[in-house]
2 protein chains.
Amino acid sequence: MKKIAISVGDLNGIGIQLALENHNKIKKIVEPIYCIDKEILNRVSKLLDIDIPKDFNCISKNILPLFDIKPSQVDRDSGLYSFNSFKMAVDLAKKKRVDGIVTLPIHKKAWELADIDYKGHTDALRDFFDMDAIMMLGVPQMFVALYTEHIPLRDVASKIKENRLKVFFINFYKSVKPKSTIAVLGLNPHAGDNGVLGDEEKIIQQAINSATKELIDNYKINLSFPIFSSPLVPDIAFTPNIRKKYQYFIAMYHDQGLAPLKALYFEEGINVSLNLPIVRTSVDHGTAFDIAYKGVTLNSLSYINAVKYHTI
Amino acid sequence: MKKIAISVGDLNGIGIQLALENHNKIKKIVEPIYCIDKEILNRVSKLLDIDIPKDFNCISKNILPLFDIKPSQVDRDSGLYSFNSFKMAVDLAKKKRVDGIVTLPIHKKAWELADIDYKGHTDALRDFFDMDAIMMLGVPQMFVALYTEHIPLRDVASKIKENRLKVFFINFYKSVKPKSTIAVLGLNPHAGDNGVLGDEEKIIQQAINSATKELIDNYKINLSFPIFSSPLVPDIAFTPNIRKKYQYFIAMYHDQGLAPLKALYFEEGINVSLNLPIVRTSVDHGTAFDIAYKGVTLNSLSYINAVKYHTI
């Protein structure tokens, strides 16, 4: 059974409730190691009125500094603790003491208050490893990787460059090694309609060809199916019949992939950081301060899926 | 009961089978007038082995020229006939002899072979009426109007102009007169995240404000709810909770609106031409030559929805 480090996120939010409530479920999937001090966990347990399961394995080393939980508040101390918990999980993975990490949600503003220079987990991972992490979101039956992420729409088309695409395609393939063809989306309406509505699809196709050649020649990949599809028509790429054919999609830009994904699977999605020495998954929701420490029953689909990904 | 003219589309395709098979259903919703000659309908009926319902009201005037049905073939004569059937339906609407029209699918290549200069129905309607038709697709619970349509993605951002948007918003409101707020989408990921990921949302917001002011001042619109939303974050605009709040969405570009729509409702969608003197609806699928005249049971959801729209 795989060992997975779980960083507990912002303790003023809902993450730790998810961890406590779902421990008995996830211990059947992986061997979890929670990056939290026993002492602060006791404080959380009292506030939530949820007992700590006996086999809830916390990392022994103090993460520190301890602080007072302030339910639903954006707080400097809680921000710092969540960052230290995350760093601990990453360290365990770096030292191969775990096989991967799951991160519970942090609060960006709390990180800012704690003078942490990163915008979020993915940003921090890029810096820790000095590598171009690939961001992928999805559910077990449909994952969407983003070729461009948080940039204005007007800048997307100029990023469609053959070499950069080729490197992305190769890195993505090597990160997931899927058992079926990877769906690559076109950029334009109707995938350009033979150049009438834009011609970036030609560049995308060239990058597909050269990535395929390189994977075969240099990496000795030998598959019974094409590694990549031709650029798909974006507005029908996520219809039921096409989804049956593909598990992994590469979107050219943020909303092209995420709007259909979230329309279909909002509550269940996870966030995966690929192309790093470690695999990190995360729930695809925030700290939900509005419902934290209020005795609300939480939807755990995203958390369970984030854990399950490590066993795919 | 409303009278609706139905143009029969490319007779080598599936449209006329849909019309014959669903006549008994749709005559309970509207009074259909089919733009087809009796003689050619007889030929179709024999080939399909479907009887012509007794009250299947065909327009008496010859549409002409008659031709031989060639199932599943792209054909000049069939292209010309489908165009003439469409023109007949438009004429009936222009003369107020019907309240609206439903068009069955034509084949663009067949129109090209018949020297018809239009790319499709919407293109022809813009020319017939010399007006800027608004293209809207959807299902009864969710319609998406497109601010920009068939243009390359790289050209979208430069079309975000306050005055053009304002005119579009006003025309759209006047065309549908919805009973709840119209959802307007932002352009950029996270709707620009306060300008960090693009600033077109400011222009969209200004256009929303000026369109609202003009509708109130000049058109005396007085509603108990805001006419338009603020620019929504595109990738969560189509999640279940947001969809509960809105029936009509305005997307800034083709795939922003249509990818989520088709992911959710591929088989049921219809195409509506708005901002014209007549209302035209259409199925949102093609001639399906691969299954035409083969005794296949057809999915009629889109056709039924196209008819129903006229009674909303």
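Computed from heavy atoms alone, side chains included, the values below leave out hydrogens, waters and symmetry copies. Within every chain, numbering begins at 1; the chains are lettered A, B, ... in the order of the sequence lines, protein sequences first and strands thereafter.
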From [X] atom [atom1] to [Y] atom [atom2], the distance as rounded to the nearest 0.5 Å:
{"X": "A:Leu137", "Y": "B:Asp235", "atom1": "CG", "atom2": "CG", "answer": "9.0 Å"}
{"X": "A:Ile242", "Y": "B:Phe266", "atom1": "CD1", "atom2": "CZ", "answer": "7.5 Å"}
{"X": "A:Leu258", "Y": "B:Thr239", "atom1": "CG", "atom2": "OG1", "answer": "12.5 Å"}
{"X": "B:Asp255", "Y": "A:Asn188", "atom1": "CG", "atom2": "CG", "answer": "8.5 Å"}

Identify which part of [X] has an atom lying under 4.5 Å from any heavy atom of chain A, answering side chain, backbone, both or neither.
{"X": "B:Tyr265", "value": "neither"}
{"X": "B:Ile151", "value": "backbone"}
{"X": "B:Pro189", "value": "both"}

Out of B:Ile160, B:Leu197, B:Val156, which one pairs with A:Leu153 under the side chain to side chain contact (heavy atoms under 4.5 Å, CB included) rule? B:Val156
Can you tell me how the ring of A:His190 sits relative to the ring of B:His254, calling it parallel under 30°, perpendicular over 60° and tilted otherwise? perpendicular
Indicate yes or no for a side-chain donor-acceptor contact from A:Arg243 to the backbone of B:Ala263 under 3.5 Å, with no hydrogens or angles considered. yes
So what's closer than 4.5 Å to chain B heavy atoms on A:His150: side chain, backbone, both or neither? both
Proximity breakdown for A:Pro234 and chain B, heavy-atom pairs closer than 4.5 Å: both
Under 4.0 Å between a side-chain nitrogen and a carboxylate oxygen: does that hold for B:Arg154 and A:Asp199? yes
